[in-house]
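Accompanying notes for the structure given below.
All figures in this text were calculated on a predicted structure; none of them were measured in a lab. In what follows, chains are A, B, ... by sequence order, proteins preceding strands, each numbered from 1.
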Amino acid sequence: MIRLDHVDKTYRTRRGDPVHALDDITLDVGENEFVTLVGPSGCGKSTLLKLVAGLTPATGGAISIRGQAVREPFPDVGFVFQQPVLLPWRSVFDNVLFSVEMLGLDPRQYRKQAGDLLELTGLGGFETKYPRELSGGMQQRVAICRALLPDPSLLLMDEPFGALDAMTREEMSLELLRIWEERRKTILFVTHSIPEAILLADRVVVMTPRPGRIARVLPVELPRPRTMDLEFDPRFKTASDEVRRLIFAPRMATR
Amino acid sequence: MMRRRIVAEYVVPALTLVAALALWEAATYAFKIPRFIMPAPSAILGEGWEWRYRFIHHTWVTLYETLGGFALSIAVGVPLAVLIVYSPALRSALYPLIVLTQSVPKIAIAPVLLLVVGHGEFPKVIVAFLVAFFPVVVDTATGLAATPPELLDLSRSYRASAFKTFLKVRLPMALPFVFAGAKVAITLSVIGAVVGEFVGSDAGLGYVILSATSYWKTELAFSSMILLSVMAILLFGAVSLVERFTCPWLAPAGEE
């Protein structure tokens, strides 16, 4: 579905210094595939998401979605960030409707789906609350509902569970998998957590920093539906050892 | 527990105020302080009561000037902030000018302004506006710039127009900041109106203070000052009330 062909990205900082964020990224993501991007800070994972969404242009190479070159923001996409960034003046329900409103669709026609989504994510009964009345995990669920409401074929998630506590984080990962089983879409998911990257993904893209490069694309051969028990599966351990080695080995070598 | 809170929050300050007034009253009699230096609270109250009908007119004039200046500061300040935030060129062109208007003491502008604009309430409105609009501009601009970049990315990815993003995201996001500026502006407007009246006027509470002191009628000046501060407090309360209604999401949990 998504094709990144020798993509390069250099941007300038406010002081005008060039930063080589991504170097020669080539990656194919299939329809309804769940791909996680894992790597240390500064490896350009978030930049990669922005490039795919068409929010910032690549400085080299080509990006296409379903054969169409990405030159401007691609609207058939849902974005979930590390912070929920909800609108504090809107109720939970109206926050979910925000996405369709901004897309220029008629929010009245999405009221039922919005209710269904809130129900699906365990937020039934919280429709009229303000975001600040919810916990961090619940706010992030609202943000996920907002992204899902227009039913995009592509979901871009930038460390969506990074600001949550460890317990909520595990719960949310499993919940995301459950939602994804129910409403299949292509997901690009950025994370710092190696177990999270493996638990969720069909394929893990391991990246190394400065400049951001793909070290390896690792297929995850674990059965679905997945549960937390998989962490005790020897294949899980093999995979996470492999990812860890790819991330840390180049650093060791330079020391 | 509730009772203890009421005592702490209302009864104690009220008693302190009454005690201070009683002490003041007693001191003016005990030390035989001349009334034109420091009149007793009872004398201030008495004189104020005597003037009650004339005060209605003067209070109205000052209120009118204050509200005029305040309304102008919002009507000019908010759009100005929008221009500054959205256009870097305008920002570099306008910001130094705005700061310059603030660096000139308003009391120094007032006489010149009155010379140019003439007499009546209008020049006082202008002085009040000049004093009040700066915090509105600065706070609104800060609020508009405070929108999380992720939300702007989100709007852009949905291909929403800049105007729609402004209306649905940036402006409401800035609203609490606008109100913070408005609260400062309303109290500054009162000051501006009085400064304008000091420079040259024939009505208003500032005019009453000025003329009362020149006739040694200190108690009248005091009652005028009390009216001014009551007016400022009520106006501040009114802005806070509007904020409560416009931004209900800001109320602390459990207080709705």
Side-chain angles (χ1 to χ4, degrees), chain A residues 46-47 49-56 65 70-92 94-95 97-105 107 128-135 140 143 146-147 149-150 152 154-160 162-163, chain B residues 78 82 85 87-89 91-92 95 139-140 142-182 239-256:
Chain A
S46 305
T47 310
L49 290 194
K50 279 198 176 187
L51 285 174
V52 171
L55 290 172
T56 177
I65 298 179
V70 174
R71 286 208 187 80
E72 51 182 352
F74 175 70
D76 188 22
V77 67
F79 241 120
V80 182
F81 306 94
Q82 183 169 3
Q83 299 299 329
V85 286
L86 303 174
L87 307 178
W89 59 92
R90 285 187 174 217
S91 68
V92 163
D94 290 339
N95 259 296
L97 289 175
F98 177 72
S99 50
V100 292
E101 269 176 53
M102 292 315 265
L103 274 167
L105 303 166
T128 57
K129 298 274 185 215
Y130 283 122
R132 66 171 169 81
E133 296 175 282
L134 307 184
S135 69
Q140 198 57 290
R146 173 177 70 187
L149 185 61
L154 173 63
L155 202 54
L156 300 175
M157 308 184 89
D158 194 356
E159 291 184 54
Chain B
V78 173
V82 173
V85 169
S87 158
R91 182 191 171 84
S92 46
Y95 222 70
D139 286 2
T140 306
T142 308
L144 286 171
T147 309
E150 291 97 336
L151 267 180
L152 299 179
D153 276 348
L154 199 63
S155 302
R156 230 154 48 82
S157 81
Y158 289 138
R159 288 193 191 164
S161 67
F163 182 64
K164 195 172 185 180
T165 307
F166 171 74
L167 227 52
K168 295 214 173 210
V169 181
R170 295 188 85 163
L171 191 61
M173 208 58 130
L175 216 50
F177 292 83
V178 177
F179 273 106
V239 176
S240 305
L241 207 68
V242 175
E243 180 186 27
R244 268 303 254 297
F245 279 110
T246 350
C247 315
W249 69 92
L250 291 177
E255 238 187 85
E256 291 98 311

Point to revise | For A:Thr56, side chain to side chain donor-acceptor pair (under 3.5 Å) partners two or more places apart | key: A:Lys9

Review point. Please walk me through it: do A:Ser99 and B:Tyr158 pass side-chain contact (heavy atoms from CB on, under 4.5 Å)?
Key: CA-CA 7 Å; A:Ser99 50; B:Tyr158 289 138; 3.4 Å; yes

Point to revise | Contacting moiety of A:Arg146, where chain B heavy atoms sit under 4.5 Å | key: both

**Study point:** Donor-acceptor contact present, side-chain B:Lys164 to main-chain A:Glu101, <3.5 Å
**Key:** yes

Review point. What is the distance from atom OG of B:Ser155 to atom CZ of A:Phe79, rounded to the nearest 0.5 Å?
Key: 12.0 Å

Exercise for review: Could you check which of B:Pro148, B:Ser157, B:Ala160 has the highest count of heavy-atom pairs closer than 4.5 Å to chain A?
Suggested key: B:Ser157

**Study point:** For A:Val85 against B:Leu151, the heavy-atom pair lying closest together
**Key:** O-CD2, 3.4 Å

Point to revise | Heavy-atom contact with chain B under 4.5 Å, split by part of A:Ser91 | key: neither

Point to revise | Residue-level interface, residues 165-172 of chain B with chain A, non-hydrogen cut-off under 4.5 Å | key: B:Thr165, B:Lys168, B:Val169, B:Pro172

Practice item. For chain B, find which of A:Gly78, A:Pro131, A:Pro73, A:Ala147 contributes the most heavy-atom pairs closer than 4.5 angstrom. Key: A:Pro73

Check your understanding: Is A:Glu72 salt-bridged to B:Arg159, cutoff N-O under 4.0 Å?
Key -> yes

Exercise for review: Taking the side chain as every heavy atom from C-beta outward, state whether A:Tyr130 and B:Pro248 have any pair of such atoms under 4.5 Å apart.
Suggested key: yes

Check your understanding: Of the backbone (N, CA, C, O) and the side chain (C-beta and beyond), which part of A:Leu103 lies under 4.5 Å from a heavy atom of chain B, both, or neither?
Key -> both

Exercise for review: Below 4.5 Å from any heavy atom of chain B, which atoms of A:Gln82 appear? Answer side chain, backbone, both or neither.
Suggested key: neither

Practice item. Evaluate the side-chain proximity of B:Leu154 to A:Phe98: yes if any heavy-atom separation is below 4.5 Å, no if none is. Key: yes

Exercise for review: To the nearest 0.5 angstrom, please state how far the CZ atom of A:Arg132 sits from the CG atom of B:Leu250.
Suggested key: 7.5 Å

